[in-house]
Novice: 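Structure below; questions to follow.
Computed from heavy atoms alone, side chains included, the values below leave out hydrogens, waters and symmetry copies.
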Amino acid sequence: MDIDNIEELKEKFADFKQMFSEDRIDEATALIEELLEGIEGQFDVRKAGIIDNRGHIHISEKNVQSIQKAKSTSLGKNDNIYISLNHVMEYYVYAYYYKPDVQVCCTQLPIGEYYRTYGDLSVKLGRYKAGAAAYKDAICWNPVDLDAILGLAECYKYLNMLERYLIATKEAYKLCCTRATMARYYRNMGYYHVSKYNTQTARCCYLYSNIYYKTQNADSELDYLKNALGDDAPQWSIKEMQKILEQSDIELGPNPDTIGVIYRVGELMMNDSEYSLARDCFSICYDITQEELLERMLKQLDEFLGNGV
């Protein structure tokens, strides 16, 4: 494998994703491990973030990830920060939360996605320690990759490392910007409080999760608590549930800063005539806010994009 051949590496990863989707697990595992082994240790660059053993995420320190034997590659060698993006909006979210002190450059290869997908494969195989390691690598390349952070939390859950599970879940919270991801945040918090025998808080979390996005997972957990406790969940009002959540230091809704950044990115993309990217941003904002203005903007963009522009 030619590590400097970007197109060859992308083709290898495309082959891996096809194998993974077809449940050709042995082949997929061998291929992704070969791909990551080829990439590992080759880039003498400052990655976008670091993650400590507890799961707290920080901006990387200057030269902290230099590799003595690393060779010069397409990424180059300098003191800039390198980030592996899934979407352009992450660039701005990263800049807002981590306030980098140098130029932030985007990698040509989606290295973060490679590691995150290897984490997904490891979880599927029940290799949770390997999954946690892969997700940590993905987070170092992209500290605002919500799927990688939630994946790490899931590994901690299976490893029964519940305090780290809580830290990772709280790290994920500030990036949750859709009804589905907010619902997952509350399910995670529900699981944590079940483990601590805080059954009232747990029930509240699962009920609040279903308000954002109803899932069979939350319903199953509520049924479990009903059978375990021998009674139905109380018929709390929204205000009563919010009071319970506040008392347990659980956030009551999405982080408005994140929504604001994503909306602003949508405006920037509109100004640059990147209408498809703008629609992505405004769609996320509409999903969580349900604002009529955003709904009208999305309809206009759909009409515009539908005309083949």
Novice: Test your reading of the model: is there a side-chain donor-acceptor pair from Asp287 to the backbone of Ser283, 3.5 Å cut-off?
Specialist: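 No, the answer is negative, given that no donor and acceptor are paired below the 3.5 Å cut-off.
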
Novice: Measuring from atom CZ of Arg164 to atom OG1 of Thr169, what distance do you get when rounded to the nearest 0.5 angstrom?
Specialist: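 Arg164 CZ to Thr169 OG1: 14.0 Å, rounded to 0.5 Å.
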
Novice: Please round to the nearest 0.5 Å and tell me the distance separating atom OH of Tyr158 and atom OH of Tyr165.
Specialist: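 Answer for the OH-OH pair, Tyr158 versus Tyr165, is 9.5 Å.
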
Novice: Ignoring hydrogens and geometry beyond distance, is a side-chain donor-acceptor pair present between Gln242 and Tyr208 at under 3.5 Å?
Specialist: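 Yes - a donor-acceptor pair under 3.5 Å links their side chains.
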
Novice: Quick one: are Glu37 and Glu34 in side-chain contact, heavy atoms under 4.5 Å?
Specialist: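 Result no, sub-4.5 Å side-chain heavy-atom pair not found.
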
Novice: So, taking the atom named CG in Leu245 and the one named OG1 in Thr201, what distance separates them when rounded to the nearest 0.5 Å?
Specialist: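 The distance works out to 7.5 Å.
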
Novice: So do His87 and Leu277 actually touch side chain to side chain, heavy atoms under 4.5 Å?
Specialist: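 Yes, at least one pair of side-chain atoms sits under 4.5 Å.
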
Novice: Specify the closest pair of heavy atoms between Gly266 and Ala278, including all atoms of both residues, with the distance to one decimal.
Specialist: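 So the minimum-distance heavy-atom pair works out to O-CB, 3.6 Å.
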
Novice: In terms of side-chain geometry, is the basic nitrogen of Arg264 or Glu267 positioned less than 4.0 Å from the acidic oxygen of its partner?
Specialist: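 Yes.
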
Novice: Does Tyr156 form a ring-ring contact (aromatic ring centres under 6.0 Å, His included) with Tyr128? I'd like the steps, not just the answer.
Specialist: CA-CA 8 Å; Tyr156 286 147; Tyr128 302 118; over 10 Å; no

Novice: Salt bridge between Lys214 and Asp219, side-chain N to carboxylate O under 4.0 Å?
Specialist: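 Salt bridge flag = yes for Asp219 with Lys214.
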
Novice: Does a side-chain N-to-carboxylate-O contact under 4.0 Å join Asp23 and Lys124?
Specialist: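 Between Lys124 and Asp23 there is a salt bridge, with a charged N closer than 4.0 Å to a carboxylate O.
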
Novice: Provide the closest heavy-atom pair for Ala138 versus Gly112 in the form atom of the first, atom of the second, distance.
Specialist: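 Closest heavy-atom pair between Ala138 and Gly112: CB-O, 3.4 Å.
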
Novice: So, using side-chain contact (heavy atoms from CB on, under 4.5 Å) as the criterion, who are the partners of Val104 when residues are at least two apart?
Specialist: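 Partners of Val104 under the side-chain contact (heavy atoms from CB on, under 4.5 Å) test: Ile81, Ile83, Tyr91, Tyr94, Pro100.
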
Novice: For the residue pair Arg203 and Pro234, what are the closest heavy atoms and their distance?
Specialist: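 Reported closest heavy-atom pair: NH1-CD, 4.1 Å.
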
Novice: State the OH-OG distance between Tyr98 and Ser60, to the nearest 0.5 angstrom.
Specialist: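 If I round to the nearest 0.5 Å, the distance is 11.0 Å.
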
Novice: Verify side-chain contact (heavy atoms from CB on, under 4.5 Å) between Asn86 and Arg116, making sure each step is shown before the conclusion.
Specialist: CA-CA 11 Å; Asn86 301 297; Arg116 186 185 68 244; 3.2 Å; yes

Novice: Say whether Thr258 and Tyr97, considering side chains only, have a donor N or O and an acceptor N or O under 3.5 Å apart.
Specialist: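 Side chains of Thr258 and Tyr97: pair found under 3.5 Å.
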
Novice: Within this structure, what is the CH2-CG distance for the pair Trp141 and Leu109, rounded to the nearest 0.5 Å?
Specialist: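 Spacing of CH2 (Trp141) from CG (Leu109) equals 9.0 Å.
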
Novice: Taking the side chain from Glu240 and the backbone from Ser237, do they hold a donor-acceptor pair closer than 3.5 Å?
Specialist: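 Checked: pair present.
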
Novice: Regarding Gln216 and Ser220, is there a side-chain donor-to-acceptor distance under 3.5 Å anywhere?
Specialist: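 There is such a pair between these side chains.
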
Novice: Of all residues at least two apart in sequence or in a different chain, which pass the side-chain contact (heavy atoms from CB on, under 4.5 Å) check with Ala133?
Specialist: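 side-chain contact (heavy atoms from CB on, under 4.5 Å) check on Ala133 returns nothing, list empty.
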
Novice: Decide ring-ring contact (aromatic ring centres under 6.0 Å, His included) for Phe16 and Phe20; before the verdict, give the C-alpha distance in whole Å, the side-chain angles of both, and the deciding distance to 0.1 Å.
Specialist: CA-CA 6 Å; Phe16 160 75; Phe20 192 12; 5.7 Å; yes

Novice: For Gln247, enumerate each residue passing the side-chain hydrogen bond (donor to acceptor under 3.5 Å, both in side chains) test, keeping only those at least two apart in sequence or located in another chain.
Specialist: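 With sequence neighbours excluded, Gln247 shows a side-chain hydrogen bond (donor to acceptor under 3.5 Å, both in side chains) to no residue whatsoever.
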
Novice: Determine the minimum heavy-atom distance between Pro254 and Tyr212, stating which atoms define it.
Specialist: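 Minimum heavy-atom contact is CD-OH, 3.6 Å.
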
Novice: What I want to find out is whether Lys226 reaches Asp231 closely enough, with some N-O distance under 4.0 Å, to be called a salt bridge.
Specialist: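 Salt bridge between Lys226 and Asp231, a charged N being under 4.0 Å from a carboxylate O: no.
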
Novice: Only counting residues at least two apart or in another chain, list the ones meeting salt bridge (Lys or Arg N to Asp or Glu O under 4.0 Å) with Arg296.
Specialist: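 So Arg296 forms no salt bridge (Lys or Arg N to Asp or Glu O under 4.0 Å) with any residue.
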
Novice: If Ile, Leu, Val, Met, Phe, Trp and Tyr residues are connected whenever their side-chain heavy atoms lie under 4.5 Å apart, and connections chain through other members, are Ile211 and Leu222 in the same group?
Specialist: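 Looking at the clustering, Leu222 is in the same group as Ile211.
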
Novice: Looking at Arg46 and Asp101, does any basic side-chain N land under 4.0 Å from a carboxylate oxygen?
Specialist: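 Asp101 and Arg46: salt-bridged.
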
Novice: Can you see whether Asn142 engages Glu90 through a side-chain donor-acceptor pair at a distance of less than 3.5 angstrom?
Specialist: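 Side chains of Asn142 and Glu90: pair found under 3.5 Å.
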
Novice: Distance-only, no hydrogens or angles: does the Ser248 side chain make a donor-acceptor pair with backbone N or O of Ile250 under 3.5 Å?
Specialist: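 No, the answer is negative, given that no donor and acceptor are paired below the 3.5 Å cut-off.
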
Novice: With a 3.5 Å cut-off and sequence neighbours excluded, list the donor-acceptor pairs that the side chains of residues 170-178 form with protein atoms.
Specialist:
residue : atom : partner : partner atom : Å
Lys170  : NZ   : Asp249  : O            : 3.2
Glu171  : OE1  : Lys174  : NZ           : 3.2
Glu171  : OE2  : Ile57   : N            : 3.1
Tyr173  : OH   : Gly253  : O            : 2.5
Tyr173  : OH   : Asn255  : N            : 3.3
Thr178  : OG1  : Thr181  : N            : 3.1
Thr178  : OG1  : Thr181  : OG1          : 2.9

Novice: Where do Leu152 and Tyr135 come nearest, in terms of heavy atoms and distance?
Specialist: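 Closest pair (atom of Leu152, atom of Tyr135, distance): N-CD1, 3.5 Å.
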
Novice: Judged by modelled atom types alone, do Asn217 and Arg184 share a side-chain donor-acceptor pair under 3.5 Å?
Specialist: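 Absent: no donor and acceptor within the cut-off.
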
Novice: What orientation do Tyr275 and Phe304 show, parallel under 30°, tilted 30 to 60°, or perpendicular over 60°?
Specialist: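 Correct class here is perpendicular.
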
Novice: Evaluate Glu163 against Tyr192 for side chain to side chain donor-acceptor pair (under 3.5 Å), listing each step before the verdict.
Specialist: CA-CA 9 Å; Glu163 296 311 310; Tyr192 176 79; 3.1 Å; yes

Novice: To check you understand the geometry: which heavy-atom pair defines the closest contact between Tyr186 and Cys205, and what is its length?
Specialist: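 Heavy atoms of Tyr186 and Cys205 come nearest at O-CB, 3.3 Å.
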
Novice: Under 4.5 Å between side-chain heavy atoms, hopping through other hydrophobics if needed: is there a path connecting Val93 to Leu85?
Specialist: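 Looking at the clustering, Leu85 is in the same group as Val93.
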
Novice: Ignoring hydrogens and angles, state whether a donor on the side chain of Glu251 or Tyr185 is under 3.5 Å from an acceptor on the partner side chain.
Specialist: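 Their side chains do contain a donor-acceptor pair, which is all the 3.5 Å distance test asks for.
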
Novice: Lys17: what forms a side-chain hydrogen bond (donor to acceptor under 3.5 Å, both in side chains) with it, not counting sequence neighbours?
Specialist: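 Lys17 satisfies side-chain hydrogen bond (donor to acceptor under 3.5 Å, both in side chains) with no residue once adjacent residues are dropped.
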
Novice: Less than 4.0 Å between a side-chain N and a carboxylate O, is that true for Arg279 and Glu303?
Specialist: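 Salt bridge absent between Glu303 and Arg279.
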
Novice: Rounded to the nearest 0.5 Å, what separation is found between the NZ atom of Lys47 and the CD1 atom of Ile59?
Specialist: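 That separation rounds to 15.0 Å.
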
Novice: Could Lys99 and Tyr96 be counted as a cation-pi pair, given that NZ or CZ must be under 6.0 Å from the ring centre and within 45° of the axis?
Specialist: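 Yes, cation above the ring, under 6.0 Å and within 45°.
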
